[in-house]
Amino acid sequence: PGVLIIVNSSLDFLNDGFSIFSAIQLQDSSYALGSVGQGLFLLDSDLKSLKKIDKSRGLANNTVLSLYEDTKNNIWLGLDNGINYVEMNSPFKIYHDRSGELGSIYAMQIFDNKLYLGTNQGLFYKEINSNTDFKLIAGTEGQVWSLKRHNEELLLGHHEGTFRIEGKQATQISNLPGTWTSIFLEGFKNKLLEGNYNGLSVLENHH
């Protein structure tokens, strides 16, 4: 008879109330795990990388009673109240802002392994390829108009002016209101031409 042994995995951090109801090994040797009340977990074959798909990310219900992988490597889920389909090979992912905190998105930029979203509620960020929610960067509350990369810096065009973004920090570098776009002037690497509520302005970097 076979011997059962306990192996370490990225599931170990889950609390004692965590319960797996269904599980299958997928064709690429990774695993799909259906839980009671916490949705679908996707675990790499090395048991280290973990992704979670639950009601906040599109499932109709968080209890996964059965699992099936079709010939195109997509996963079908039998739930408490119906069937869901997860298109595994799609290049697109949908982020459901069920709380409504993000607002309307006006600008987007990937910078320093973070995804930044500029909205009419402020500037939000999350780590790329993470399951964390977007977080608001303090001091950027209000209307965001643009996000631009200049000289390996990320600049935020805002109703209140222009900000330099470094990770989770925002530093205001101009209080001219309504920066909706900006470009570097050709031949003048340290000068930035901005369009704002008052017209055109030039900012100069003295560093």
Side-chain angles (χ1 to χ4, degrees), residues 39-40 42 49-60 62 84-207:
L40 174 69
L42 300 172
S49 178
L50 182 69
K51 295 179 181 178
K52 180 181 179 182
I53 302 174
D54 58 15
K55 193 170 182 179
S56 70
R57 288 172 171 79
L59 289 190
N62 277 338
N84 274 184
Y85 165 76
V86 180
E87 191 172 347
M88 297 293 292
N89 292 324
S90 173
F92 304 104
K93 293 183 180 179
I94 298 174
Y95 179 84
H96 295 275
D97 178 27
R98 299 189 184 279
S99 67
E101 293 180 359
L102 290 182
S104 299
I105 299 171
Y106 284 77
M108 182 184 305
Q109 191 70 245
I110 294 174
F111 187 81
D112 194 23
N113 204 40
K114 294 179 180 63
L115 173 61
Y116 292 92
L117 297 181
T119 82
N120 63 344
Q121 301 298 316
L123 181 64
F124 296 80
Y125 79 97
K126 73 187 295 287
E127 299 293 330
I128 291 291
N129 296 324
S130 74
N131 290 323
T132 59
D133 290 329
F134 282 95
K135 297 178 182 178
L136 176 67
I137 294 180
T140 68
E141 294 86 350
Q143 178 67 58
V144 171
W145 291 121
S146 65
L147 282 167
K148 299 283 187 176
R149 300 177 67 133
H150 292 305
N151 289 344
E152 296 308 311
E153 290 184 330
L154 182 63
L155 299 182
L156 170 69
H158 193 276
H159 172 72
E160 300 293 339
T162 305
F163 295 76
R164 179 187 296 112
I165 305 301
E166 297 174 288
K168 311 173 196 176
Q169 303 294 322
T171 303
Q172 190 164 14
I173 60 176
S174 170
N175 59 6
L176 295 171
T179 304
W180 56 271
T181 190
S182 59
I183 59 171
F184 268 107
L185 296 173
E186 187 174 351
F188 298 91
K189 186 176 181 181
N190 293 325
K191 291 186 177 182
L192 184 68
L193 178 66
E194 290 190 339
N196 53 50
Y197 293 162
N198 296 328
L200 293 176
S201 302
V202 176
L203 301 183
E204 186 170 0
N205 186 351
H206 295 285
H207 295 292

Main chain of [Y], side chain of [X]: is a donor-acceptor contact present, judged purely on distance under 3.5 Å?
X    : Y    : answer
Q172 : E160 : yes
N175 : G161 : no
N84  : A60  : yes
N120 : G103 : no

[atom2] on [Y] to [atom1] on [X], rounded to 0.5 Å:
X    : Y    : atom1 : atom2 : answer
F111 : E166 : CZ    : CD    : 8.5 Å
L154 : E152 : CG    : CD    : 10.5 Å
H158 : S146 : NE2   : OG    : 10.5 Å
E194 : L200 : CD    : CG    : 10.0 Å
D112 : I165 : CG    : CD1   : 12.5 Å
L156 : I173 : CG    : CD1   : 9.5 Å

For side-chain contact (heavy atoms from CB on, under 4.5 Å), just list the numbers for T162 and N196, CA-CA rounded to whole Å, side-chain angles, deciding distance to a tenth of an Å, and then say yes or no. CA-CA 10 Å; T162 305; N196 53 50; over 6 Å; no
Heavy atoms only: give me the nearest [X]-[Y] pair and the separation to one decimal.
X    : Y    : value
S182 : H150 : OG-NE2, 3.3 Å
L123 : V144 : N-CG2, 3.9 Å
I137 : T140 : O-OG1, 2.7 Å
Q109 : L147 : NE2-O, 3.4 Å
V202 : L193 : CG2-CD1, 4.0 Å
A138 : A170 : O-CB, 4.2 Å

Residue pair E101, F134: steps toward the side-chain contact (heavy atoms from CB on, under 4.5 Å) verdict: CA-CA 9 Å; E101 293 180 359; F134 282 95; over 6 Å; no
With under 30° as parallel and over 60° as perpendicular, where do the rings of Y116 and Y125 fit, or are they tilted in between? tilted
If you define the side chain from C-beta out and look only at heavy atoms, does anything of L155 sit under 4.5 Å from R164? yes
Within a strict 4.5 Å, meaning less than it, do heavy atoms of the K148 and T181 side chains meet? yes
Residues in side chain to side chain donor-acceptor pair (under 3.5 Å) contact with E141, at least two apart in sequence or another chain: none
W145 and Y197 side chains, donor-acceptor separation under 3.5 Å: yes
Determine the sole option in K168, K114, K135 for which the salt bridge (charged side-chain N to carboxylate O under 4.0 Å, His left out) test with E127 is passed.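 Of K168, K114, K135, salt bridge (charged side-chain N to carboxylate O under 4.0 Å, His left out) with E127 is met by K114 alone.
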